[in-house]
Amino acid sequence: MDPIVTRFPPSPTGYLHVGGARTALFNWLYARHTGGRFVLRIEDTDTVRSTQASVDAIFEALRWLEIDWDDGPYFQSQRIEIYLDYARRLYEAGHAYYCTCSPEAVEEMRRRATAAGANPRYDGTCRERGLGPQPGAVLRFRAPATGTTVLDDVVKGSIVFQNSELDDFVLVRSDGMPTYNFVVVVDDITMGINSVIRGDDHVMNTPKQIQIYRALGARLPVFAHVPMVLGPDRTRLSKRHGAMSVTAYRDMGYLPDAFINYLVRLGWSCGDQEFFTRRELIEKFTLENIGRSAGVFDLAKLQALNADHIQANGPEALVPHLEPILARSGLAAGDVPSLARVIRSLQPRSKTLEEMAEQARFYFEEEVSYDPAAAKKLFKPATLDPMQRLAAALEKIPEFSEAALEAAFTAVMDATGLKLGKIAQPVRLALTGRTASPGIFETIEALGREKTLARLHQAVKYLQAVAEAET
RNA sequence: GGUCCCAUCGUCUAGUGGUUAGGACGCCGGCCUCUCACGCCGGUAACAUGGGUUCGAAUCCCAUUGGGAUCACCA
């Protein structure tokens with residue numbers, strides 16, 4: 001059996017959006033799963049809407065998703081000669097003919113057909129006129145007028161189209177540029193694509209494409225039309241539903257592995273399994289398990305999955321993903337004894353890396369500012385004594401290991417008769433400025449000796465002032 | 001409007017003629033606990049409707065309804 005060859009053909013008219021990312025993913029996964037090839041093709045024949053910036057944005061997004069390709073990128077704009085050569089073959093074989101009907105005339109035909117309640121289509125005026133190539137003429141496909149064209153779709157099953165519903169569509173425009181449905185087929189044939197996985201907004205194009213394959217005597221690829229991704233209001237996902245650009249999710253602190261896990265699960269399943277590593281996805285992805293109904297993009301679920309992936313990684317693996325986000329807030333890894341330790345303390349508490357960076361802020365800053373409500377509640381004159389004792393005890397510890405820290409706390413608890421909870425909360429406020437943080441020992445370890453001691457002394461001063469004000 | 005597709009908890013889904021219709025997210029409660037989380041335990045909630053076929057339908061067929069896609073010299 002031939003190796004599977006899939007492709008992803010974005011048109012560079014904007015960033016890579018969620019739906020596009022998912023079809024890229026399905027094609028990539030299928031190629032990797034089968035040990036086949038994945039080709040990247042840029043469909044830039046629309047010269048007015050295509051931009052280099054979009055091409056770059058697509059590459060950037062693919063790179064972030066860690067979707068690599070084996071072949072390409074091909075640019076359709078550089079393959080015009082190939083398409084025209086195939087157009088010539090079609091014409092010479094009698095599968096295409098020149099048509100001089102004006103766009104207005106064709107428009108009029110459509111209007112009439114629509115008014116009659118029929119499918120708007122070209123009426124075949126020039127079909128038998130035997131016109132040759134000439135300026136201003138378009139090349140039309142001589143489509144079969146009767147019978148049916150059937151699409152055997154891997155996900156949707158067999159779909160039958162009446163040929164009478166289809167018309168003699170344009171292959172080459174009057175300006176000599178080939179059209180989409182035509183170039184796609186030529187590309188897929190010449191690039192050896194044997195598995196076409198794409199959004200199901202393409203099913204209506206497929207019968208036309210199948211007819212071109214037939215006219216060219218080429219073997220049909222396997223077609224798999226995957227359902228759309230919808231917004232919460234069940235309409236096609238768009239800007240008003242929030243972020244569309246894939247890289248926006250990177251910037252919001254989602255891990256690429258979590259993002260692809262979510263995207264694949266939206267429209268594909270493997271029994272009850274929800275969490276997949278990239279490896280598992282490659283190992284288990286098959287076309288057979290793609291669902292047939294459209295799915296709503298759910299940020300809450302993406303978030304939950306992201307949290308799972310954050311926890312599943314080692315702290316070191318998260319560093320390269322977190323650093324750019326920290327940098328955005330002016331936080332640098334060098335300002336902390338061990339970034340890995342900081343990350344480890346926050347892993348079970350962060351749904352996104354952006355959240356993690358926010359929660360990590362106190363580790364980096366020079367000074368803490370106390371949450372006013374918490375200071376009022378926790379910094380009472382009575383806490384001065386235990387705070388002083390703890391500061392003194394920690395001063396003496398040679399090394400801030402968890403065991404040594406715990407011993408120091410225990411000593412203070414014994415001396416004061418206070419429970420850990422009574423001591424930990426004021427200390428937490430002293431160290432972080434907040435009432436919520438990682439475990440107190442974890443926090444101290446990650447904060448490091450220098451900052452811990454400085455903040456404890458700062459708190460002692462604050463408490464002394466409070467005590468004085470009281471008297 | 002024509003053509004085509006789709007239809008299980010709010011959401012993502014498992015299910016392929018016989019299940020107390022399962023899981024996940026969310027939400028609610030409890031446990032754990034130095035806070036917040038994590039984790040664990042439990043709860044909430046679905047087969048769009050109507051006809052068939054069958055001893056028996058979420059599963060098969062038809063219709064209805066509802067959603068979606070597409071109808072270019074765009075891709």
Side-chain angles (χ1 to χ4, degrees), chain A residues 9-13 43-46 48-50 76 99 101-103 106-107 110 113-122 136-140 151 153 156-157 159-162 165-167 169-181 183-184 199-207 225 227-228 230 232 234-236 262 265-275 289 291-305 307-308 311 346-351 359 374 378 409 419-429 432 434-441 443:
Chain A
S11 57
T13 54
E43 309 213 324
D44 59 348
T45 55
D46 184 344
V48 301
R49 292 198 304 148
S50 298
Q76 289 186 329
C99 163
C101 294
S102 70
V106 174
E107 184 53 38
R110 294 212 160 84
T114 306
N119 199 9
R121 50 199 293 280
Y122 175 67
V138 300
L139 185 67
R140 280 185 187 277
L151 158 60
D153 195 276
K156 298 200 178 283
I159 303 175
V160 180
F161 298 90
Q162 296 299 321
E165 292 290 333
L166 278 12
D167 72 349
F169 55 95
V170 172
L171 258 20
V172 181
R173 292 186 258 267
S174 56
D175 66 358
M177 288 296 283
T179 59
Y180 172 75
N181 281 119
V183 305
V184 164
D200 71 5
D201 49 335
H202 282 287
V203 307
M204 301 307 268
N205 286 328
T206 310
H225 286 94
M228 313 252 78
L230 274 23
R234 304 211 128 265
T235 64
R236 200 194 196 109
Y262 176 70
R265 266 297 279 120
L266 180 53
W268 175 85
S269 60
C270 183
D272 277 346
Q273 189 171 350
E274 300 284 348
F275 182 95
N289 295 321
R292 53 276 79 216
S293 54
V296 174
F297 188 88
D298 180 17
L299 193 65
K301 185 132 186 182
L302 202 212
Q303 236 168 43
L305 228 26
D308 289 344
Q311 289 214 63
L346 263 13
Q347 270 176 298
R349 280 163 253 269
S350 312
K351 288 194 191 305
Q359 295 173 121
L378 261 16
F409 269 78
K419 292 209 165 136
L420 180 57
K422 288 289 176 196
I423 299 177
Q425 273 310 81
V427 171
R428 170 169 287 111
L429 180 62
T432 71
R434 321 176 191 184
T435 54
S437 85
I440 198 68
F441 304 128
T443 301

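Sequence lines set the chain letters: A, B, ... in the order given, protein chains first and strands last, and positions in each chain run from 1.
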> Where the side chain of A:Q311 is concerned, which of B:G39, B:A75, B:C73 is the nearest nucleotide?
Replying inline: B:G39

>> Counting only side-chain heavy atoms from C-beta out, which of B:C38, B:U11, B:G2 sits nearest to A:E165?
In response: B:G2

Just checking [X]: base, sugar-phosphate only, or nothing, at a heavy-atom cut-off of under 4.0 Å?
| X | result |
| --- | --- |
| A:V296 | sugar-phosphate |
| A:P438 | base |
| A:C99 | nothing |
| A:G291 | nothing |
| A:R121 | nothing |
| A:R236 | sugar-phosphate |
| A:N205 | base |
| A:S11 | sugar-phosphate |
| A:T45 | sugar-phosphate |
| A:L420 | base |

With [atom1] as the reference atom in both, quote the distance from [N] to [M] in angstrom, rounded to an integer.
| N | M | atom1 | answer |
| --- | --- | --- | --- |
| B:U3 | B:G22 | C1' | 38 Å |
| B:U20 | B:C25 | C1' | 24 Å |
| B:U11 | B:U49 | C1' | 23 Å |
| B:A58 | B:G51 | P | 14 Å |
| B:C12 | B:A45 | C1' | 15 Å |
| B:U65 | B:G29 | P | 43 Å |
| B:U8 | B:G15 | P | 14 Å |
| B:C32 | B:G39 | C1' | 8 Å |

> What's the CD1-P distance between A:I423 and B:U35, to the nearest Å?
Replying inline: 14 Å

>> Whole angstroms only, please: what is the CZ-C1' distance between A:R234 and B:U11?
In response: 8 Å

Watson-Crick or G-U wobble partner of [N], both distances under 3.5 Å:
| N | answer |
| --- | --- |
| B:U33 | none |
| B:C27 | B:G43 |
| B:A72 | none |
| B:G50 | B:C62 |
| B:G18 | B:C55 |

>> Once rounded to the nearest 0.5 Å, what's the spacing between atom CG of A:N181 and atom CE of A:M204?
In response: 12.0 Å

>> I need the A:K351 NZ to A:Q303 CD distance, nearest 0.5 Å.
In response: 6.5 Å

[X] side-chain N/O to [Y] backbone N/O, donor-acceptor pair under 3.5 Å:
| X | Y | value |
| --- | --- | --- |
| A:R434 | A:R428 | no |
| A:T179 | A:L171 | yes |
| A:D44 | A:Q76 | yes |

>> Should the side chain of A:S437 and the base of B:C36 be counted as holding a donor-acceptor pair, with the cut-off at 3.5 Å?
In response: no

> What is the per-nucleotide protein-contact pattern of nucleotides 21-29 of chain B, from the 5' end, where B denotes a base atom under 4.0 Å from a protein heavy atom, S denotes such proximity for sugar-phosphate atoms only, and - denotes neither?
Replying inline: -BBBS----

Report, one pair per line, the protein and nucleotides 4-8 of chain B atoms (nitrogen or oxygen only) whose separation is under 3.5 Å.
from	atom 1	to	atom 2	distance (Å)
B:C5	O2'	A:K156	NZ	3.0

>> With side-chain hydrogen bond (donor to acceptor under 3.5 Å, both in side chains) as the test, pick out the partner of A:D200 among A:R292, A:H225, A:K156.
In response: A:K156

>> Quick check: on RNA chain B, is the nucleotide nearest A:L266 upstream (toward 5') of the one nearest A:G421, or the reverse? Name the residue that is more 5'.
In response: A:L266

> Pick the nucleotide of RNA chain B nearest each of A:N289 and A:R349; which residue has the one closer to the 5' end?
Replying inline: A:N289

